[in-house]
Amino acid sequence: MSTPSCVTRFAPSPSGHLHVGGARTALFCWAYAKGKGGTFLLRIEDTDQKRSSDSASVGFLKDLAWLGIGWDEGPVLGTHGGGAHGPYFQSERLDIYNRYLAQLVDAGKAYYAFDTTAELDAKRQAAKLAGHAYRYDRSEMANLPKATVDAWLAEGRPAVIRCKTPDGPITIVDEVLGEATLPAGEVDDFVIRKADGFPTYHFAVVVDDELMRVTHVLRAQEHFNNTAKHMVLQDALGFRRPIYGHLPLITNPDASKMSKRDKDKVLRKTVIDRKLTAPPQDTITQARFDAWLADKNTQLELAEASLLATGLQVTLPEINVDDFRQSGYLPEVLCNFLALNGWSPGENVEKFDTEFLKQRFDLKRVVKTPAKFDRTKLLSFNCDAITGMPREEFVSRARLHGQEFHADFMKRITAEQFEQLASASHERSKTLDEMFRTNRFFIIADDVLAWERSKNVEKALLGPEPNGLSHLRAVLPVLEGCAEWSAAALEQAITPYAMQHTEGNLGKVAQPLRIAVSGGTVSPPIFDTLAILGRDSTLNRIRRCIASFTA
RNA sequence: GGCCCCAUCGUCUAGCCCGGUCUAGGACACCUCCCUUUCACGGAGGUAACAGGGGUUCAAAUCCCCUUGGGGUCACCA
């Protein structure tokens, strides 16, 4: 079996959702490996027992697949995954870690430590008060007689294993950041096995990267300092050293860390601003609402948050890949835009696909500074991609989106109507989702349609004579007389009226019509709108509108 | 606070490594005008940055130092 020249990995902790930062890291790892004909693997870092391992733990895989980021090795999903270097869940690799752990202890490169959490916390606290950084003091535990260690272990005293970090400065070589040297003493004797028997992240990563023959570690910059620990471990275990590249962070526009907390923040602010004391109907329970509101540290589950957002009629910031999907962003656009946060191909090129990224991505052009995630620019990219695609493609992608996220809408509209609506919406859509949100008037019953009483509506309908209302009255018989009900035919019928009565200013007639049938001032082009709505509904709504505004 | 890293338009960035071609380029946003049956799109212009201070040099956005600012990290989380 030939060893691939390049093996990268994406190694998240278990999660049901992939956030954009993770997606960007995965994308770069994928592009780097695939561009070199190498292997991209996925590993689940589930060594924290407190943090779950339920069935939702790999929900994020679907997000990767949706983005088009395929993995050669790792958990199996569809055609992705598999591989001969598993298991790819760290929780299933305990035997392996224990073997290497024993090796280090036997060699005197690691030792059992019996400090309690309380003791450690107290020392940290003291160090903080004294104004200096806390460093673990090995003098006690590292020198325990073997008999004592064995005895304490035998009596079941909780113990961790710590790595005996050699004294001396450590120089990290990084392909993005360059070289950095941590002074001696900066890295203390860190824990490599927890009291529950699980390895810590540091230990598992080092063992797995070696065994899974990872050659390039691309990860977020927050891991930079950890690299020193990993190097210490590699040396202690006699492992080779992969090449490192630490990627700049992606943050909110205000430079704060992007997290699902942001959704909570928006909801909390809304509730407080509106002085609400109870949750909206059909969202979350009063008890849950109270508990959440009372404690700033309580976070709503994603499902609860989106229910509440719907109830409050606020839009939650997109954080996770599936948020963007639900909002109607295209996966290829998200990949494109994500790649632009922290990397650029230069030469004023901004729009590209993943094939291009694969060919051109390199560590030298990765930016060193954190990037603020600009949703507005993403939206603009999405708009360009949508308006640039063939009409049929838009219609079919919008249909799939509707079926997944707007089942109610799809149920109340015929296939033919949908096709017409999607066609009419194509060039005015920035996302796949927009047409479903702005065209709800198509799917409601004629007799429940209500009219907005806004300034613009009144201006269009109730101005000085001849006003919109009188045009509606006049145009009603014209429409009634229409033999054929298509956009083209309707245009042929209405235009002459406008020529005669509004000096060719079609808007004077179109806008009242739009209001009459939609209830508001926004719709697809008027003749399309009428055609899609159909003869009966159109006439019905116009009559009701006249009555409503005449009364 | 210790340690590490970073610093170009409001934002993402090009240029920096290998000083002169930079009067600093592009994109998003913003402003103005045009187009227009609403919304959106589109078209034409425009405003807008080398954090500050010292060096080095004939010449500095580019090299060096300091200051300031920002980020990361200091867990039996990953």
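Source: prediction; values computed, not measured. Just so we're on the same page: letters track the sequence lines, and every chain starts at 1.
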Figure out the [atom1]/[atom2] separation between [X] and [N], and round it to whole Å.
X         : N      : atom1 : atom2 : value
Arg219(A) : C5(B)  : CZ    : C1'   : 15 Å
Phe198(A) : A78(B) : CZ    : P     : 10 Å
Ile250(A) : G71(B) : CD1   : P     : 17 Å
Leu378(A) : A27(B) : CG    : C1'   : 14 Å

- Any salt bridge (Lys or Arg N to Asp or Glu O under 4.0 Å) pairs touching residues 158-172 of chain A, not counting sequence neighbours?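 Checked against salt bridge (Lys or Arg N to Asp or Glu O under 4.0 Å) - neighbours excluded - no pair reaches residues 158-172 of chain A.
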
- Task: Sort and list the pairs that fulfil salt bridge (Lys or Arg N to Asp or Glu O under 4.0 Å) and have at least one residue in residues 361-370 of chain A, not counting sequence neighbours.
- Result: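 Every candidate salt bridge (Lys or Arg N to Asp or Glu O under 4.0 Å) pair involving residues 361-370 of chain A fails, so no pair, neighbours aside, qualifies.
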
- Item | Sorted by number, the residues of residues 185-192 of chain A with heavy-atom contact under 4.0 Å to RNA chain B | Glu186(A), Val191(A)

Kindly give the atom pairs (protein nitrogen or oxygen, nucleotide nitrogen or oxygen) under 3.5 Å for nucleotides 11-21 of chain B.
unit_1 : atom_1 : unit_2    : atom_2 : d
C12(B) : OP1    : Lys372(A) : N      : 3.0
C12(B) : O2'    : Leu340(A) : O      : 2.9
C12(B) : O2     : Lys377(A) : NZ     : 3.3
U13(B) : OP1    : Gly342(A) : N      : 2.6
A14(B) : O3'    : Arg365(A) : NH2    : 3.3
G15(B) : OP1    : Arg365(A) : NH1    : 3.1
G15(B) : OP1    : Arg365(A) : NH2    : 3.4

Under 3.5 Å, N/O pairs linking protein and nucleotides 72-74 of chain B:
unit_1 : atom_1 : unit_2    : atom_2 : d
G72(B) : N2     : Asn225(A) : ND2    : 3.4
C74(B) : O2'    : Arg135(A) : NH2    : 3.2

- Item | 5' priority, RNA chain B, between Thr181(A) and Tyr201(A) [closest heavy atom] |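 The residue mapped nearer the 5' terminus is Thr181(A).
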
- Query: With a distance cut-off below 6.0 Å to the six-membered ring centre and an angular limit of 45° from the axis, does Lys123(A) pair with Tyr134(A) as a cation-pi contact?
  - Reply: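 Verdict for Tyr134(A): no cation-pi partner in Lys123(A).
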
- Task: Give a yes/no verdict on a cation-pi contact between Arg453(A) and Phe549(A), requiring under 6.0 Å between NZ or CZ and the six-membered ring centre and an angle within 45° of the axis.
- Result: yes

- In the 5'-to-3' direction, what one-character label does each nucleotide of nucleotides 33-51 of chain B receive under the scheme B = base within less than 4.0 Å of a protein heavy atom, S = sugar-phosphate only, - = no such atom? ----BBBBS----------

- Between Lys194(A) and C77(B), is there a side-chain N or O to OP1/OP2 distance below 4.0 Å? yes

